[in-house]
Amino acid sequence: MLRSRHSRVATLAASAVLALSITAPSDSGAAELLKARLAQNLAPISALAIVAKANGLFEKHGLDISVSNFTSGKQCLDTVVGGGADIATTAEAPVTAAAMAGQPIAFVAGMEYSDLKTMTAATAGIKTKADLRGKKIAFTAGTGSEVYTSRLLKSAGLTAADVTLVNLRPQDMLPALVAGSIDAFDTWEPHISNARKVLGESAIQLDTRGIYSETFNIVVTRAYLETNPALVGKFLAALIEAEAFVKANPDAAITKVADAVGMKRDELAAIWPDYVYRVGVDDRLVETLKIHAAWRLESGNHPPNATMPDFTKVLALEPLRSLDPGRVSVSAN
């Protein structure tokens with residue numbers, strides 16, 4: 001009887017300890033999570049970061065990532081440089097602007113690239129690049145759209161003087177095309193697919209493959225990287241795991257990203273192959289940075305006395321290289 005009583009007491013005590021361990025907050029577990037603030041462009045180009053957050057991969061790698069969503073990579077990088085966030089998802093245009101302005105940024109990895117595109121309507125009478133002569137073309141100033149437009153015209157044997165350029169936000173381009181105030185527009189997805197849906201059979205997408213691919217990247221300040229190298233490494237490790245998930249489970253990834261950015265799943269699925277998701281830095285990415293910087297110098301869209309940046313001083317590749325050397329293949333670094 002005494003032995004039985006002791007057994008019951010021991011069982012009750014063990015149960016109490018177990019319950020306490022489950023319900024009580026774990027100070028040690030909370031302390032292990034490193035906190036960081038991500039400024040994210042909420043669009044399919046941020047898919048790896050979106051999937052990493054949705055799948056709990058940041059937590060898996062010891063991070064507590066709070067996300068603030070923006071409509072452009074420029075807003076993201078400006079927020080980081082201004083101290084309002086720690087990590088930015090951004091395209092090459094804000095990177096070159098920051099580098100030319102002497103801002104101490106650290107480019108730690110690329111995570112996506114995709115071609116920019118030109119959309120027009122049958123009523124505009126544009127079937128080839130050469131047909132752009134004399135037309136009104138919309139672009140977005142200060143972004144890859146502007147560089148793409150410049151290169152598009154050059155490839156067609158045209159100059160800015162041969163067309164009328166109209167600076168518009170991407171979301172304003174389709175209404176302008178429908179209203180007839182522009183004849184074509186140059187931008188990125190999903191605005192092209194949205195236009196195709198609205199215009200139906202009258203939609204015409206010009207063949208401009210290979211003219212300009214916009215990149216999407218991870219950038220922090222140099223001071224933040226120097227203070228938090230382990231955190232940045234963990235962030236990149238989570239993105240690499242997200243990349244593996246996206247490639248192995250495209251249907252699930254499309255669903256997660258469509259839900260996050262507010263797109264219809266079928267519409268995102270139709271353009272999903274246009275996005276190339278990979279965490280890495282290679283010569284193609286660096287060349288895109290140089291092309292964009294060269295355009296800034298040629299067009300005058302740069303700070304006073306700016307010169308071509310030394311991108312070896314902008315790239316900060318050790319966090320990624322330490323995770324997987326094969327993801328870093330840059331001739332100059």
Side-chain angles (χ1 to χ4, degrees), residues 41 45 72-74 76-77 88-103 105-118 129 132 137-163 165 167 170 185-189 192 206-219 274-317 327-333:
N41 184 346
I45 47 182
S72 75
K74 182 180 186 303
C76 295
L77 187 54
T89 66
T90 187
E92 67 279 351
V95 171
T96 60
M100 287 181 155
Q103 294 175 335
I105 60 171
F107 185 112
V108 296
M111 64 174 179
E112 182 273 346
Y113 70 84
S114 52
D115 286 343
L116 272 72
K117 303 171 183 177
T118 298
K129 294 182 293 184
L132 292 171
I137 306 171
F139 71 104
T140 304
T143 72
S145 167
E146 188 168 7
V147 183
Y148 165 77
T149 299
S150 175
R151 292 175 66 82
L152 171 63
L153 294 176
K154 186 177 293 186
S155 72
L158 304 173
T159 69
D162 295 318
V163 300
L165 295 175
N167 179 22
F185 62 82
D186 300 338
T187 192
W188 48 82
E189 294 288 6
I192 296 294
L206 298 188
D207 182 4
T208 61
R209 288 171 294 182
I211 287 181
Y212 188 80
S213 292
E214 185 175 56
T215 66
F216 219 62
N217 315 290
I218 301 299
V219 179
D274 292 347
Y275 299 100
V276 180
Y277 298 111
R278 184 177 185 274
V279 181
V281 179
D282 57 18
D283 286 332
R284 172 175 176 164
L285 193 156
V286 176
E287 183 62 22
T288 298
L289 291 173
K290 291 180 178 178
I291 288 171
H292 202 283
W295 167 81
R296 287 192 181 279
L297 292 173
E298 292 170 5
S299 65
N301 188 349
H302 59 78
N305 303 317
T307 59
M308 174 65 73
D310 180 355
F311 285 108
T312 64
K313 296 180 180 178
V314 177
L315 300 177
L317 305 181
R327 291 180 177 272
V328 177
S329 55
V330 179
S331 302
N333 196 312

**Asked** Which residue pairs pass the salt bridge (charged side-chain N to carboxylate O under 4.0 Å, His left out) test when at least one of the two sits in residues 140-162, sequence neighbours left out?
**Response**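 Counting only pairs at least two positions apart or across chains, the salt bridge (charged side-chain N to carboxylate O under 4.0 Å, His left out) contacts touching residues 140-162 are R133-D162.
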**Asked** T118 pairs by side chain to side chain contact (heavy atoms under 4.5 Å, CB included) with which of I211, I192, D186?
**Response**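 Going through the options one by one, the only one that passes is D186.
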Could you state the interatomic distance from [atom1] ([X]) to [atom2] ([Y]), rounded to the nearest 0.5 Å?
| X | Y | atom1 | atom2 | result |
| --- | --- | --- | --- | --- |
| T215 | M111 | OG1 | CE | 10.0 Å |
| F311 | F107 | CZ | CZ | 9.5 Å |
| T149 | Y212 | OG1 | OH | 11.0 Å |
| L152 | K129 | CG | NZ | 7.0 Å |
| L116 | T143 | CG | OG1 | 7.5 Å |

Measure across [X] and [Y] and return the closest heavy-atom pair with its distance rounded to 0.1 Å.
| X | Y | result |
| --- | --- | --- |
| V163 | L132 | CG1-O, 3.2 Å |
| G73 | N41 | N-ND2, 3.5 Å |
| D274 | E189 | OD2-OE2, 4.0 Å |
| E92 | S213 | OE2-O, 4.5 Å |
| R296 | A93 | NH2-O, 2.9 Å |
| T140 | P170 | OG1-CD, 3.5 Å |

**Message:** Under a 3.5 Å distance rule, please check whether N217 uses its side chain to pair with a backbone N or O of T90 as donor and acceptor.
**Reply:**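 Yes, the answer is positive, given that a donor and an acceptor are paired below the 3.5 Å cut-off.
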**Request:** Spell out, as yes or no, whether a donor-acceptor pair under 3.5 Å connects the side chain of S145 to the backbone of F139.
**Result:**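 No, the answer is negative, given that no donor and acceptor are paired below the 3.5 Å cut-off.
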**Prompt:** How about Y148 and D115: do any of their side-chain heavy atoms sit closer than 4.5 Å?
**Reply:**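 They are not in side-chain contact.
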**Item:** Residues that S114 engages under side chain to side chain contact (heavy atoms under 4.5 Å, CB included), provided they are two or more places apart
**Value:**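 Result, side chain to side chain contact (heavy atoms under 4.5 Å, CB included) vs S114: I45, E112, Y275.
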**Salt-bridge contact D207-R209 (side-chain N to carboxylate O under 4.0 Å)** =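 Salt bridge: yes.
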**Prompt:** How far apart are the C-alpha atoms of T288 and Y113, what are their side-chain angles, what is the distance that settles it, and do they pass the side chain to side chain donor-acceptor pair (under 3.5 Å) test?
**Reply:** CA-CA 10 Å; T288 298; Y113 70 84; over 6 Å; no
**Asked** Which one of H302, K290, H292 satisfies the side-chain hydrogen bond (donor to acceptor under 3.5 Å, both in side chains) criterion with T96?
**Response**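 Among H302, K290, H292, the one meeting side-chain hydrogen bond (donor to acceptor under 3.5 Å, both in side chains) with T96 is H292.
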